[in-house]
Amino acid sequence: MSENGFGEPSKGAEQLALIKESARKSKGPRAKPRTWRGAALAEGLPVARVLVDKGLLHLDQYFDYAVPAAMDADARPGVRVRVRFGARVVGGRREGGTLHDGFVVERRADTDFHGPLAPLAQVLSAEPVLGPGLLNLCRQVADRYAGALADVVQLAVPPRMARAERDPSPDPLPAPAAPPPGTWTRYATGPAFLQALARGDAPRAVWLALPGPHWPQELAAAMATALAAGRGALAVVPDGRAAARVDAALTALIGEGHHVVLTADAGPEERYRRWLAVSRGSVRAVVGTRAAMFAPVADLGLVALWDDGDSSHAEPHAPQPHARDVLLLRARQEQTAFLLGGITTTVEGAQLVDSGWALPLAAPREEVRAAAPLIRTVGDADQARDEAARAARLPSVAWQVTRDALARGPVLVQVPRRGYVPRLACDHCREPARCATCAGPLELPDQQGSPACGWCGRPAVDWSCPNCAGTRLRARVVGARRTAEELGRAFPRVPVRTSGRDTVLATVGAAPALVIATPGAEPVADEGYAAALLLDGWALLNRPDLRAGEEALRRWALAAALVRPADQGGTVVVLAEPTLRPVQALVRWDPAGHARRELAERAELRFPPVSRMASVTGSPGALADMADTVRLPPATDVLGPVPLPQPARARRSTAPGADREEPRQRLLLRVPPGNGAALAAALKEAQVLRATRGGAEPVLVRMDPPDIG
DNA sequence: AGCACGCCGACT
DNA sequence: GTCGGCGTGCTC
């Protein structure tokens with residue numbers, strides 16, 4: 001092995017001969033590695049199989065590179081490297097080619113590439129960040145979503161921070177003692193689930209958490225039990241606030257040093273430092289937000305996901321994997337326990353139970369009654385009878401409950417987002433009002449202004465409802481700030497706190513206060529809220545979305561779960577029709593029943609998640625070409641194509657020529673249960689074919705699109 | 001995707 | 001006679 005691997009004369013001559021030989025087209029699948037330039041190669045395993053970091057489907061394969069002797073020690077599987085890629089052969093020389101990042105996935109003695117190998121340009125770091133387990137997971141996620149491996153790896157491996165890498169990680173602590181079951185005893189099968197974890201088994205449960213403040217401790221106890229059994233544990237939660245609560249609970253249970261928190265607010269370097277501690281096996285428990293779903297926990301024994309209905313669990317970057325699916329893949333691949341918890345249950349959660357893969361983990365009825373607040377509804381009929389409501393935007397029940405509760409503690413007011421810009425609907429039939437010209441939503445731009453289109457800005461003159469021919473408009477939602485002002489005026493001696501998009505409060509004290517919050521930004525009250533007003537009733541339910549009911553129930557229940565139990569006077573007033581299914585589910589506090597009924601309905605209508613779906617988006621021509629190319633599984637339904645409305649985009653089209661773009665259309669593909677993988681594979685194959693063929697316009701493929709009307 | 005090779009029209 | 005159109009094909 002030569003110290004300086006490059007340019008040794010005798011070897012250089014040999015290489016030249018090999019280059020000439022290669023021009024004669026060598027045969028046989030196991031060619032000995034040959035390389036350009038006069039590099040001395042690593043002696044033992046001179047070939048590195050490299051995943052080149054280019055998110056291109058038709059380059060979704062490994063490339064072999066020669067390992068210069070000088071890089072032999074560092075170029076281990078999993079390390080980051082830089083390689084020259086895309087060079088051309090001119091005469092006997094390689095020219096051009098740009099440097100790309102990549103990962104060594106394997107060291108080999110030989111290659112099946114029929115040609116001379118380019119050498120690795122550089123080993124960026126000797127840290128093996130993409131180990132076999134993580135690589136395998138990324139591969140499965142890429143396949144599941146018809147995406148490119150490199151795209152998934154980019155989501156899974158954080159960017160390198162050299163300083164964090166230099167420092168050693170702490171020595172691993174011995175496993176902590178198993179915690180007592182605590183409030184898990186409130187659930188029928190709670191202790192049994194923990195016992196199975198303690199034995200090192202892999203129980204799987206869909207956990208309908210009781211309302212109230214205990215879920216972070218319960219989640220932490222499950223993790224600590226897995227740790228005590230000598231296994232690792234991973235919990236993914238929707239946001240930093242939830243992560244902080246589980247972190248605090250875990251620290252209280254087993255102290256510091258056993259776990260890390262992986263969230264964005266730690267900053268990139270600290271986050272990478274913690275990630276390395278996990279990757280190096282120093283720490284075996286992780287609490288984090290979405291990206292933590294890939295955390296390479298050693299000997300994983302439990303994966304948990306909290307509130308899988310929260311939209312932040314859907315990764316926005318290609319191929320847009322959902323944390324629930326990634327953790328399901330991990331539970332299967334790594335043979336771990338699985339805990340899908342929430343105040344409500346999604347249809348996907350209900351399906352895991354329905355299929356028998358997971359068991360329901362729920363509390364008996366009397367525990368629910370002891371934990372849930374009293375729910376009161378105010379429907380349209382009540383509001384019509386209520387003169388105070390018409391004058392003052394809030395029904396008198398809400399005023400009474402608020403006044404009453406403010407004597408005992410804080411009151412939470414859940415208001416819809418969007419400040420002062422209420423959208424408009426037909427006063428008679430409640431159909432959302434749309435612009436006659438562009439079908440955009442009609443809005444009231446300011447308090448005194450006249451209604452206008454939110455997309456094209458045209459004023460709505462002579463509006464009439466296409467549904468019922470009504471001519472009067474009403475505000476669909478009351479702006480958050482306005483409600484806050486009104487309530488503040490009504491209770492002048494009570495402090496008003498607001499928590500929303502820009503300023504999210506984590507907690508509020510036990511003293512009387514009005515806490516105005518948008519959905520998802522509700523602070524936790526130290527001793528629970530005395531009452532909650534849920535004011536965004538039909539704004540939530542009116543959305544043209546398959547999940548509108550589930551999502552409304554989820555947001556209401558999350559807010560209601562912060563209120564004291566009914567026997568301590570906890571009351572929730574929800575402004576919504578009491579006959580609607582999600583409203584009834586809230587009143588009876590039966591989110592699991594709601595999810596089961598939604599699931600049954602989806603099954604009947606052959607909607608996801610019972611059937612699997614993919615959407616293909618592009619110009620009409622490109623879609624037709626894609627349809628000709630793809631070899632779909634036999635039982636595929638092809639729905640559409642339908643034109644896709646282009647909201648937002650139309651208003652701020654900055655790209656030149658954006659407006660002469662063809663209208664985009666969407667094709668939906670639906671397969672029966674069990675054919676999702678075949679559909680993904682077929683779409684990926686067609687994408688590769690089309691991209692390789694050249695000249696074809698790209699289309700966007702998305703598995704399990706979340707936004708189908 | 002980039003990037004270069006390759007085979008047909010209007011220019012010094 | 002050449003410069004250059006972007007069709008086609010490859011990237012270890």
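Lettering follows sequence order; numbering is per chain, from 1. On a predicted model such as this, the values are computed, not experimentally measured, just so you know. Worth knowing before you read on, the calculation uses all heavy atoms, side chains too, and leaves out hydrogens, waters and symmetry mates.
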Sort out for me which residue in A:P316, A:P321, A:P238 forms a side-chain contact (heavy atoms from CB on, under 4.5 Å) with A:R290.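 Option passing the side-chain contact (heavy atoms from CB on, under 4.5 Å) with A:R290: A:P316.
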Please produce a list of atom pairs where a protein N or O lies less than 3.5 Å from an N or O of nucleotides 10-12 of chain C.
unit_1: C:dT11; atom_1: O3'; unit_2: A:G86; atom_2: N; d: 3.3
unit_1: C:dC12; atom_1: OP1; unit_2: A:Y65; atom_2: OH; d: 3.4
unit_1: C:dC12; atom_1: OP2; unit_2: A:A87; atom_2: N; d: 3.4
unit_1: C:dC12; atom_1: OP2; unit_2: A:R94; atom_2: NH2; d: 2.5
unit_1: C:dC12; atom_1: O3'; unit_2: A:D64; atom_2: O; d: 2.8
unit_1: C:dC12; atom_1: O3'; unit_2: A:A118; atom_2: N; d: 2.8
unit_1: C:dC12; atom_1: O2; unit_2: A:D64; atom_2: N; d: 2.6

Between B:dC3 (P) and A:L99 (CG): distance, integer Å: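 A:L99 atom CG is separated from B:dC3 atom P by 13 Å.
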Classify the ring geometry between A:F85 and A:H100 as parallel (under 30°), tilted (30 to 60°) or perpendicular (over 60°).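 Answer is perpendicular, since the angle exceeds 60°.
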Lys/Arg-Asp/Glu bridge criterion (N-O < 4.0 Å) met for A:D637, A:R606: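 Answer for the salt bridge query: yes.
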What residues form a ring-ring contact (aromatic ring centres under 6.0 Å, His included) with A:Y62, not counting sequence neighbours?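 Here no residue qualifies.
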Qualifying residues under ring-ring contact (aromatic ring centres under 6.0 Å, His included), relative to A:W275, sequence neighbours excluded: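 ring-ring contact (aromatic ring centres under 6.0 Å, His included) list for A:W275, sorted by chain: empty.
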